[in-house]
Amino acid sequence: MFRTNPSKEHQPELVNIEELVPRDHLLRKINETIDFSFIAEKCKELYCQDNGRPCLDPIMLFKMLLIGYLFGIRSERRLIEEIKVNIAYRWFVGLSLTDPVPHASTFSQNRRRRFQSSTIYQEIFDEIVIQAIQHGFIQGKELFSDSTFLKANANKGKFKKQLVKVTPKGYMDDLEQAIEQDREEHGKKPLKKKPIKVETKEIRVSTTDPDSGYMVRDGKPEGFFYLDHRTVDGLHNFITDVFVTPGNVHDSVPYLERLNRQKSRFGFSVKAVALDSGYLTMPICRELRGQGIFTVIAHRSFRPDKDLFPKWRFKYIPEQDVYLCPAKHQLTYRTTNREGYRQYKSNPEICKQCPFLKNCTKSKNHTKILTRHVWEDAKEWVRQNRLSPRGKTLYKRRKETIERSFADAKELHGLRYARYRGLAKIQEQCLLTAVAQNIKKLAMLLSRAGKGGGFKFIWVDIHPLIVYIPFIYKNPAINKVDSQGLSTFSRRLASFFIAL
């Protein structure tokens with residue numbers, strides 16, 4: 001029988017908001033597994049303790065921010081409207097169906113004025129990482145690092161040119177010491193000290209967002225961008241570090257400092273790292289080798305002239321400190337320059353008669369010159385690691401770890417574009433995006449493990465005796481068995497047989 005239902009939109013009902021949220025909803029899993037109480041303690045110093053009006057609950061504020069990053073809601077005004085009409089959102093932030101949602105301006109001004117100059121976002125990120133470590137989901141032994149670009153909220157055609165000072169590299173003192181030592185070992189005089197010359201370069205500075213950097217890279221879009229330098233742990237792909245720079249900063253510049261920060265902050269004992277070719281620099285290779293970290297870095301081939309032999313065709317003999325050309329002639333050491341490169345030259349009298357001369361050099365004096373950095377041994381060690389079976393396996397995991405983390409952030413959490421302007425605000429965006437990704441992963445793993453993991457006990461009624469029969473299982477997330485539960489099971493099982 002055809003009929004239509006009468007409208008009930010104005011009918012009052014008595015409901016429990018808890019029952020309206022689906023049992024398998026992501027926010028329910030997060031609420032049941034993640035402890036957010038630490039936020040109130042960390043934010044306490046940012047509020048007046050005995051004066052002023054009652055504040056907006058900081059836990060509620062950050063839960064609202066988290067919803068925006070979890071579900072890719074970029075606009076804060078739209079986020080407020082979504083919380084008003086979405087029952088799961090209301091339930092997660094602690095509001096009933098009739099409670100008023102904070103005004104968008106109240107929400108944004110708290111974020112902009114109260115928290116912008118603080119380190120609260122970094123502290124929240126660190127706390128979530130620590131919780132994941134405590135649950136056994138982060139080991140800190142294998143780390144994968146890379147950077148991705150965020151399009152700045154700035155027109156690439158609106159800029160001014162500006163001269164800036166070139167910052168000296170932090171490793172220059174170590175390099176100068178290595179150069180002097182190398183020259184001394186080869187019987188060369190120390191180089192004369194030159195006065196420090198302040199170098200400058202011309203860059204483009206956006207008139208809309210001066211903190212952004214003009215990026216020009218092969219295969220990448222050109223314009224004003226920010227770079228999100230990120231590190232993930234190899235066990236479950238948790239993000240362990242986030243650092244933002246302008247788009248014109250090289251990937252290798254902040255790497256060592258951020259690696260040391262993770263080791264000191266979280267107590268990581270790093271055993272292996274896998275990096276893209278942008279990190280293949282002498283200082284990084286030398287430092288990681290010195291720390292005993294198995295390092296795999298991609299190689300980018302470079303041949304300035306296709307008609308000439310590549311450098312790898314010349315074999316270095318460390319015992320004699322010479323190079324052998326394809327014709328088995330020696331290139332001997334001549335000097336070590338200020339840039340840290342040793343120079344090896346051939347004998348022009350021999351080269352004149354060599355049948356490979358046209359494939360070796362185009363020099364008019366028939367002399368082939370090769371250079372070798374004083375830290376070249378570390379770079380060759382990294383190259384050997386890359387070609388080893390362990391290195392090949394480790395590097396293949398980059399697409400499953402760091403690349404997947406970036407793809408998830410851009411496709412699902414709005415990291416493709418900068419929401420704000422200014423380096424500090426973009427750092428906030430990248431940190432909260434990483435927090436959302438880590439929380440989502442942590443909640444899913446804990447939900448599968450029953451939050452506690454370990455052992456479950458099933459009641460079995462055997463008249464007249466009631467005993468526990470433990471169901472022992474290996475937790476796929478934690479990958480370990482509770483030894484204490486096993487011993488308890490053994491004692492109870494023995495008691496059961498004695499009773500029989």
Legend entry - Sidechain N-carboxylate O distance under 4.0 Å for D182, R342: yes
Legend entry - Charged N-O contact under 4.0 Å between E142 and R397: yes
Inset, instruction - For the pair D377 and R372, find out whether any cationic side-chain nitrogen is under 4.0 Å from an anionic carboxylate oxygen. - result: yes
Inset, instruction - I would like to know whether M444 and K441 meet side chain to side chain contact (heavy atoms under 4.5 Å, CB included); could you show each step before the answer? - result: CA-CA 5 Å; M444 297 299 291; K441 189 179 295 291; 5.9 Å; no
Inset, instruction - Measure the shortest side-chain to side-chain distance between F243 and L227 over non-hydrogen atoms and say whether it is less than 4.5 angstrom. - result: no
Inset, instruction - Give a yes/no verdict on a cation-pi contact between R390 and F294, requiring under 6.0 Å between NZ or CZ and the six-membered ring centre and an angle within 45° of the axis. - result: yes
Legend entry - Which residues share a side-chain contact (heavy atoms from CB on, under 4.5 Å) with F159, sequence neighbours left out: K161, R204, F224
Legend entry - Salt bridge R78-E81, side-chain N to carboxylate O under 4.0 Å: no
Inset, instruction - Could you tell me the separation between the CH2 atom of W375 and the SG atom of C285, rounded to the nearest 0.5 Å? - result: 11.0 Å
Legend entry - Lys NZ or Arg CZ of R419 over Y69 ring: under 6.0 Å, within 45°: yes
Legend entry - Flag side-chain contact, heavy atom, 4.5 Å: L431 against Q122: yes
Legend entry - Partner of K63 under side chain to side chain contact (heavy atoms under 4.5 Å, CB included), chosen from I30, N31, L27: N31
Inset, instruction - Would you verify whether the NZ or CZ of K410 falls within 45 degrees of the ring axis of F149 while also being under 6.0 Å from that six-membered ring's centre? - result: yes
Legend entry - Contact check, side chains of V253 and T245, non-hydrogen atoms, under 4.5 Å: no
Legend entry - side-chain hydrogen bond (donor to acceptor under 3.5 Å, both in side chains) partners for H25, two or more places apart: none
Legend entry - Between Y214 and F225, ring centroids under 6.0 Å: no
Legend entry - Option among N153, D209, D211 that satisfies the side-chain hydrogen bond (donor to acceptor under 3.5 Å, both in side chains) test with Y226: D209
Legend entry - T240 side, atom OG1; R258 side, atom CZ - distance, nearest 0.5 Å: 10.0 Å
Inset, instruction - Find the distance between CZ (F38) and CD1 (I128) and round it off to the nearest 0.5 Å. - result: 4.0 Å
Inset, instruction - Flag the pair T336 / V374 as yes when at least one side-chain heavy-atom distance between them is below 4.5 Å, and no otherwise. - result: yes
Legend entry - Face-on cation placement of R386 at W381 ring, 6.0 Å and 45° thresholds: no
Legend entry - Residues R286 and E376 bridged, charged N to O under 4.0 Å: no
Legend entry - Expected output: side-chain H413 to main-chain L415 donor-acceptor under 3.5 Å: no
Legend entry - Within-4.5 Å side-chain heavy-atom neighbours: L275 and Y255: yes
